[in-house]
Every structure is written in C-alpha cells, then in structure tokens.
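See below for the structure under consideration.
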Amino acid sequence: MKEILLSNCEKNFVNKSVEQGIRLDGRSLLEARPVKIYFASNWGSCMVLLGQTRVIAQVTCDIQQPKTSRPNEGMLHINVELNPMAAQHFDSGRQSEISILISRQLEKCYQDSKCIDLESLCIIADKKVWNLRVDINVINHDGNLIDCASIATLAALSHFHRPDVTSNGEDIIVHPFSEKDPLPLTLYHYPVCVSFITFESGNTVMDPTYLEERIGVAQLTLGINSYRELCSLHFNYLTKTMTVEDVISAVSSYATNYAVQLVQQIKETVFSDINARYKKDNQNTNRFKECITTKKLTTMNRECISIKLRKWDEIEKLESDVNMEKEVTENCTILKPGEGSAELITDTSASFGEGGPNTWNVSESSEEEVSDIEITDEIKKEEKEENKIIDNIEINESSEEETTEMLNKEDLMQ
C-alpha cells in the first residue's frame, strides 16, 4: 500500500508551529520522548518504547568459519525488518530502502566503530569463531526508527550472554547454561544514535515524529558514545541551502548530553535485570508481560493526545483546584437537608432480602411557604368556578323564538 500524501494545510500548520517554537505533542524543539526498555526471558532479547515507536531486538549466535581477511575475529550482522503491522506502507517479505538505510547506519555505529571486542569471539583462529546476529523488528512506526533501533541494539548486546566453549584443538564443546554460566560480551564503548530534523524556517527539532520527518527538509543522525565521541554521521538533505556544519554547530551540545543520559539509563536497566536474574527476583525486572498488560501491545492505546494545547498547564492547575474543592466538600457533612428536598429513611430492623418499608421524610417548610401554597390553591379554585359559570351561561332574547347559544372562552375574550 502506498503512503498517504499530506495536504498543504498540514504542511503549513506544522511549519508555522515549529517556526513559533511549538510542537504538536507539547515538547520543546530540542526535547526527546521518554524511553522505556523491557527484557524477555532469554538473553539478548528486549523491547524499546520511544514514545509510540516500538522496536524488538533479538541477539543470537552460532559458530562459523571466520573471514579470510580477519581470521581471529568474530562477526556481527544486523538485520532490520519492517512489517506491515508497523505501518501500512511497509511491504512484508522484502527489504525496503528504509530498512537497508537503517541497517547500514547501525553497522557503521556498532561494527565500524569497534565497540565490540570481536577478538574475544574467536574459538580457534582461522577455523571457528562466533557469529553474532541482531534481528530488529519494528512493531509500531511513529517516527525516528533509527534512534529506537540503536537503543534496542545496544541494550540487546549489553544484555546478551553467549555459552561457554572449550576446545582441545580439534573438537569444540559448547556447554549449556546448566553446566557453566554464560559469558557476556565485551563492549569498549556504548554508542547510540541521536537524530534531528531541520525545517524550512531553519529550526531544528530533536527526536522527530513521523509527521515531522515527512515535512522536514534535512535530517541529521549522529552516533555518539558515553565519552562524547562521534562514532558515525549521516546527513540527508532535500535543499542545498542547508549544510551539515550549520546543523551540527546548533545541536552538538544537546546531542552529547542526551547520549550520555541515554547510555546511563541503558546500563542501569541492564544491570538491574541481570542481577534480578541471578537472584531469581522477578519483581524487580522489566519483562514483556508488564509491557503487554499495562500498555496493551496489540492495541493502539495512547497515553496522551497527539496534539497538546498551549494552555495545557493552566488546565492541569484548574483540575487540581477542582480536586481540592471536591476533597473539601467530601470531608464536610450536611446536618440539615435543604429546602424542598427529601431524605430517604430505611428501616434498619428489616433483614437483608426481606425488602423492608421505605418512607420519605419531607423536610419541614417555613410558615411563609405554607401560606403561599394555600393562597395559590384558593386562586386555582376560584378560576375553576369562573370557568364553569362561563360555560353554563345562556343568552335570552325578547323575541318569541328563543334561541340558546353556547359561547366559548375565545368569544368572551374578544
């Protein structure tokens, strides 16, 4: 299915809002969406939620022959799959340009930057090495797939443990996890991707949504590690008026600070999950079941509306004031019912199921109200008597032939 085209009204609306420093979801221009990481029961499997963008990463390993150019190093392959479940315009069964572009950027960020110690994956030089494979599946596409995929890749590699291996030169014995503890991968540094989108007005936003990606004129993706070092760079522009130097000078400090915070979050979540696994404490782990039960993975359940109002904070303050007033009124007790109200009195002596009698105790009214009611009743009685007299009136004439006619109220009124 082809991608739905955007109208000029949508494009102009987003461009003008970004030009005024406003984003549709209420974020500032250089503010990222919250990141949540969940792990599965097996090693190296995780799910990452970047706003409404959701990605699953799974790391697997097998033994293969090494490359002739690097006989004492293991191998790393990254594969990205875009399913129609993530977006309607994705085709299943074949790789698209977006998936190939994301996989190449991830390979530059993790393989070419030498973040993994591939020599530790060698079993027998020039014969047998470990081959790592990272499979990334996009579940929901709401923009910035490269950042979400990079976070999932780094978390899966940090969480993955391979089985221990012993060899006598010819034979290789792969020990199961019940015999020997699995071994983690050795990572020299932790790079993540940080993406930006530049609009026609020259303003740049961090962590763009799907709508912002389609309207922007230039895209910049930086691979930065926790040491504030640049590991990869990708710049895609539609107009030649914008250069990469202009964008980097404006967003470099924000990208490095965000990368350091993000790597720290990944390390903490991975460390807590590994400790909980060895201690067999399932309460302090972020597993898939928690994500499914709370966020409902199979449905498009959004935590907030897609467009945030300008006076959102003021509305929240008003709601808090209303809640305070409700609490005050709940604490108060009514000693006497109001005028004209009724109070329900139940018979407490009747047991459950017998259906005891209920009586209505009408509140006592004042003497003035009673007198007003009596006056109104007398007026109504007089009106009824007058109507009866008018209906029974007979008109007599002096002629011999007496004729009687009944007059209506309308005739009298005329």
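Worth saying up front: this structure is predicted, and the values here are computed from it rather than measured.
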Query - Nearest-0.5 Å distance, CG of residue Asn83 to CG of residue Asn140 - result: 11.5 Å
Query raised in the report: Which atoms form the tightest heavy-atom contact between Asp207 and Arg23, and what is the distance?
Result: O-NH2, 3.3 Å
Report task. Would you name the heavy atoms of Phe39 and Thr269 that are closest together and state the gap between them? Result -> CE1-O, 3.8 Å
Report task. Would you check if Thr166 and Lys180 make a side-chain contact, meaning some heavy-atom pair closer than 4.5 Å? Result -> yes
Query - Test side-chain contact (heavy atoms from CB on, under 4.5 Å) applied to Ile136 and Ile78, step by step - result: CA-CA 8 Å; Ile136 299 173; Ile78 300 175; 4.1 Å; yes
Query - Side chains of Leu29 and Thr204 in contact at under 4.5 Å (non-hydrogen atoms) - result: no
Report task. Please report the closest heavy-atom contact between Thr221 and Ser195, naming both atoms and the distance. Result -> OG1-OG, 3.3 Å
Query raised in the report: Using 30° and 60° as the class limits, which term best fits the ring planes of Trp43 and His161: parallel, tilted or perpendicular?
Result: tilted
Requested in this report: Return the minimal non-hydrogen interatomic distance between Trp130 and Arg162, and the atom names on each side.
Outcome: NE1-NH1, 3.4 Å
Query raised in the report: Has the side chain of His234 got a donor or acceptor atom that lies under 3.5 Å from a matching backbone atom of Gly223?
Result: no
Query raised in the report: How long is the span from the CG atom in Leu132 to the CD1 atom in Ile116, to the nearest 0.5 Å?
Result: 6.5 Å
Query raised in the report: Looking at Glu213 and Asn144, what are the two nearest heavy atoms and their distance?
Result: OE2-N, 2.6 Å
Query - Candidate pair Val129 and Asn72, rule side-chain contact (heavy atoms from CB on, under 4.5 Å), full reasoning - result: CA-CA 8 Å; Val129 295; Asn72 59 345; over 6 Å; no
Requested in this report: Report the C-alpha distance between His175 and Ile173 in whole Å, list the side-chain angles of each, state the deciding distance to 0.1 Å, and finish with yes or no for side-chain contact (heavy atoms from CB on, under 4.5 Å).
Outcome: CA-CA 6 Å; His175 300 280; Ile173 301 173; 3.8 Å; yes
Requested in this report: Determine which pairs satisfy side-chain hydrogen bond (donor to acceptor under 3.5 Å, both in side chains) with at least one residue from residues 223-232, sequence neighbours left out, and list them in order.
Outcome: Asn225-Glu229, Arg228-Thr256, Arg228-Asn257
Query raised in the report: Would the number of heavy atoms belonging to other residues, nucleotides or ligands and lying under 6.0 Å from CD of Gln111 be above 12?
Result: yes
Requested in this report: Inspect the surroundings of NZ in Lys128 and state if more than 12 heavy atoms from other residues, nucleotides or ligands are less than 6.0 Å away.
Outcome: yes
Report task. Look at atom CD of Glu97 and say whether more than 12 heavy atoms of other residues, nucleotides or ligands are closer to it than 6.0 Å. Result -> no
Query raised in the report: Would you say Gln265's side chain and Val35's backbone share a donor-acceptor pair under 3.5 angstrom?
Result: yes
Report task. For the residue pair Phe196 and Val205, establish whether any side-chain heavy-atom pair is separated by less than 4.5 Å. Result -> no
Query raised in the report: Does a salt bridge link Asp135 with Arg133, judged by any charged N lying under 4.0 Å from a carboxylate O?
Result: yes
Requested in this report: For the residue pair Leu6 and Leu211, establish whether any side-chain heavy-atom pair is separated by less than 4.5 Å.
Outcome: yes
Query raised in the report: Which atoms form the tightest heavy-atom contact between Arg33 and Tyr258, and what is the distance?
Result: O-OH, 4.4 Å
Query raised in the report: So, does Asn203 use its side chain to make a donor-acceptor pair with the main chain of Val18 at under 3.5 Å?
Result: yes
Query raised in the report: Taking atom types as modelled and ignoring hydrogens, do the side chains of Asp62 and Gln64 form a donor-acceptor contact shorter than 3.5 angstrom?
Result: yes
Requested in this report: Please say whether more than 12 non-hydrogen atoms of neighbouring residues, nucleotides or ligands are located less than 6.0 Å from CZ in Phe271.
Outcome: no
Report summary line: NE2 (His189) and NZ (Lys114) are apart, to the nearest 0.5 Å, by 10.0 Å
**Report entry** Under 3.5 Å donor-acceptor, Ser45 side chain and Asn42 backbone
**Finding:** no
Mind listing the side-chain donor-acceptor pairs of residues 150-159 below 3.5 Å, one per line with the distance, residues two or more places apart or on another chain?
residue : atom : partner : partner atom : Å
Ser150  : OG   : Ile146  : O            : 3.3
Ser150  : OG   : Asp147  : O            : 2.7
Ser150  : OG   : Cys193  : N            : 3.3
Thr153  : OG1  : Ala149  : O            : 2.7
Ser158  : OG   : Leu154  : O            : 2.8
His159  : ND1  : Gly44   : N            : 3.1
His159  : NE2  : Asp273  : OD2          : 2.7
His159  : NE2  : Arg277  : NE           : 3.2

Query raised in the report: So how far is it from Leu233 CG to Gln105 CD, rounded to the nearest 0.5 Å?
Result: 9.5 Å
Query raised in the report: What is the distance from atom NE2 of His77 to atom CG of Leu106, rounded to the nearest 0.5 Å?
Result: 14.5 Å
Query raised in the report: Do Gln20 and Ser17 touch side chain to side chain, with heavy atoms closer than 4.5 Å?
Result: no
Requested in this report: Answer yes or no: are there more than 12 heavy-atom neighbours, outside Glu10 itself, under 6.0 Å from its atom CD?
Outcome: yes
Query raised in the report: Heavy-atom distance under 4.5 Å between the side chains of Leu145 and Thr53, does that happen here?
Result: yes
Query raised in the report: Between the side chain of Glu107 and the main-chain N/O of Arg104, is any donor-acceptor distance below 3.5 Å?
Result: no
**Report entry** Any Asp117 side-chain heavy atom under 4.5 Å of Leu185 side chain
**Finding:** no
Query raised in the report: Would Tyr110 and Val134 satisfy side-chain contact (heavy atoms from CB on, under 4.5 Å), going step by step from the backbone distance to the final call?
Result: CA-CA 11 Å; Tyr110 294 99; Val134 183; over 6 Å; no
Report summary line: When rounded to the nearest 0.5 Å, the distance separating CG of Asn79 from OG of Ser99 is 8.0 Å
